[in-house]
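Notes follow once the structure below has been shown.
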Amino acid sequence: MPSASTEPLPPVRPYEAAMRDGLVALWTDCGLTRPWNDPDADIERAVSNPGSTIFVICQDDQVVGSVMTGYDGHRGWVYYLASAPAMRGRGIAATLMRAAEDWLRDRGCPKIELMVRDTNDAALGFYDRLGYEHQPVSVKAKWLIEPEG
């Protein structure tokens with residue numbers, strides 16, 4: 001893991017359409033994309049829905065961090081938390097999680113939830129350090145719109 005830098009982080013800001021290619025590249029570099037989840041479609045759904053948003057951190061016009069968050073009226077959810085591999089250890093992910101939590105809190109959201117793949121020990125440890133707790137639930141899914149491919 002790269003050593004933490006003392007240089008301040010660039011500010012968190014809302015996603016803009018001109019950032020799309022950089023955002024998808026970040027998600028790909030971080031291993032967050034899957035063949036059944038078209039990242040362009042995920043972005044479009046998030047930005048076209050008033051109950052969700054995407055925050056980014058950019059450095060030198062490159063997207064180096066992201067988080068997608070949404071509130072369904074019952075729970076807040078977080079997706080696509082990412083920090084550029086070369087910039088890990090600088091607090092990008094924790095900063096973006098605070099932004100997502102603040103956005104949800106401002107909307108009256110009582111609880112935030114997220115899904116982490118069971119094999120992603122680094123992410124599980126990260127969320128543990130932020131105070132997230134394991135929940136005794138199983139996730140089930142059903143496609144309402146079949147993915148392309």
Side-chain angles (χ1 to χ4, degrees), residues 9-130 132-149:
L9 286 178
V12 173
R13 60 192 220 199
Y15 165 84
E16 298 172 10
M19 301 171 180
R20 184 176 299 255
D21 290 345
L23 184 58
V24 172
L26 173 67
W27 292 351
T28 301
D29 290 347
C30 293
L32 298 179
T33 58
R34 295 294 183 263
W36 56 87
N37 283 343
D38 175 7
D40 288 307
D42 286 348
I43 292 167
E44 184 57 35
R45 283 189 290 268
V47 299
S48 65
N49 184 327
S52 60
T53 194
I54 302 172
F55 292 113
V56 297
I57 293 178
C58 296
Q59 184 168 38
D60 301 325
D61 294 324
Q62 293 214 330
V63 180
V64 297
S66 75
V67 67
M68 179 188 292
T69 190
Y71 180 42
D72 61 18
H74 179 65
R75 295 284 184 255
W77 288 88
V78 168
Y79 305 94
Y80 288 112
L81 177 67
S83 60
M87 299 199 54
R88 295 208 173 133
R90 294 194 49 204
I92 290 171
T95 298
L96 287 161
M97 281 302 295
R98 280 191 300 276
E101 291 169 358
D102 289 346
W103 187 89
L104 291 164
R105 191 178 295 109
D106 288 348
R107 282 151 183 78
C109 178
K111 183 178 182 183
I112 186 172
E113 297 187 344
L114 49 89
M115 294 179 280
V116 179
R117 291 183 183 93
D118 291 336
T119 57
N120 194 339
D121 292 333
L124 290 167
F126 168 78
Y127 289 117
D128 286 346
R129 289 188 298 279
L130 292 184
Y132 285 77
E133 301 171 351
H134 173 77
Q135 301 292 294
V137 298
S138 294
V139 175
K140 299 221 180 251
K142 178 180 179 180
W143 290 107
L144 300 176
I145 300 171
E146 288 293 323
E148 292 184 23

Exercise. Check the pair Cys58 / Glu16 against side chain to side chain contact (heavy atoms under 4.5 Å, CB included), numbers first and verdict last.
Key: CA-CA 11 Å; Cys58 296; Glu16 298 172 10; over 6 Å; no
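- Once rounded to the nearest 0.5 Å, the distance linking CG of Leu9 with OG1 of Thr95 reads 5.0 Å.
- Rounded to the nearest 0.5 angstrom, Asp40 CG and Arg20 CZ are separated by 5.5 Å.
- Not one N or O on the side chain of Thr69 forms a donor-acceptor pair closer than 3.5 Å with the backbone of Val78.
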Quiz item: What's the verdict on side chain to side chain contact (heavy atoms under 4.5 Å, CB included) for Asp21 and Val63, showing C-alpha distance, side-chain angles and the deciding distance?
Solution: CA-CA 9 Å; Asp21 290 345; Val63 180; over 6 Å; no
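- Proximity of Met97 to Leu114: side-chain heavy atoms (C-beta onward) are separated by under 4.5 Å at one or more points.
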Exercise. Go through the steps for Tyr80 and Leu26 under the test side chain to side chain contact (heavy atoms under 4.5 Å, CB included), then give the verdict.
Key: CA-CA 10 Å; Tyr80 288 112; Leu26 173 67; over 6 Å; no
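- Between Val56 and Leu96 the shortest side-chain heavy-atom distance does not fall below 4.5 Å.
- Between Ala99 and Val12, the shortest heavy-atom distance links the atoms CB-CG1, 3.8 Å.
- Atom CG of Leu23 is separated from atom OH of Tyr15 by 6.0 Å, given to the nearest 0.5 angstrom.
- Rounding to the nearest 0.5 Å places NZ of Lys111 at 5.0 Å from CZ of Arg75.
- Residues Pro85 and Asp29 share a closest heavy-atom pair of CG-O, 4.1 Å.
- Residues Thr33 and Pro39 come closest through the heavy atom pair CG2-CG, 4.1 Å.
- Here the side chain of Arg129 pairs a donor or acceptor atom with the backbone of Gly125 at under 3.5 angstrom.
- A pairwise comparison of heavy atoms in Phe126 and Ala93 identifies CZ-CB, 3.6 Å as the closest pair.
- Atom CG of Asn49 has more than 12 heavy atoms from other residues, nucleotides or ligands within 6.0 Å.
- Asn37 approaches Trp143 most closely through the heavy-atom pair OD1-CH2, 3.7 Å.
- The distance from the CE atom of Met68 to the OH atom of Tyr79 is 9.0 Å, given to the nearest 0.5 Å.
- For Arg13 (side chain) and Phe55 (main-chain N/O), no donor-acceptor pair under 3.5 Å exists by modelled atom type.
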Quiz item: Going through the checks in order, is the side chain to side chain contact (heavy atoms under 4.5 Å, CB included) test met by Met19 and Gln62?
Solution: CA-CA 8 Å; Met19 301 171 180; Gln62 293 214 330; over 6 Å; no
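- Residues Asp38 and Asp42 form no side-chain contact, since every pair of their non-hydrogen atoms from C-beta on lies 4.5 Å or further apart.
- Around atom CG of Asp106, more than 12 heavy atoms belonging to other residues, nucleotides or ligands sit under 6.0 Å away.
- Relative to the six-membered ring of Trp103, Arg107 meets both conditions, a distance below 6.0 Å and an angle of at most 45° to the axis.
- The main-chain N or O of Gly70 is never found under 3.5 Å from a side-chain atom of Ser52 such that the two would form a donor-acceptor pair.
- Pairing each heavy atom of Gly65 with each of Ile92, the nearest pair is CA-CG2, 3.8 Å.
- The structure places CZ of Arg90 at 5.5 Å from CD of Gln59, a figure rounded to the nearest 0.5 Å.
- Formation of a donor-acceptor pair under 3.5 Å by the Arg34 side chain with backbone atoms of Gly31 is found in this model.
- Side-chain contact check for Trp27 and Ser66: at least one donor-acceptor pair (N or O, by modelled atom type) lies under 3.5 Å.
- The shortest distance between side-chain heavy atoms of Asp121 and Leu124 falls below 4.5 Å.
- A 4.5 Å side-chain heavy-atom check between Ile54 and Val67 finds every atom pair outside the cut-off.
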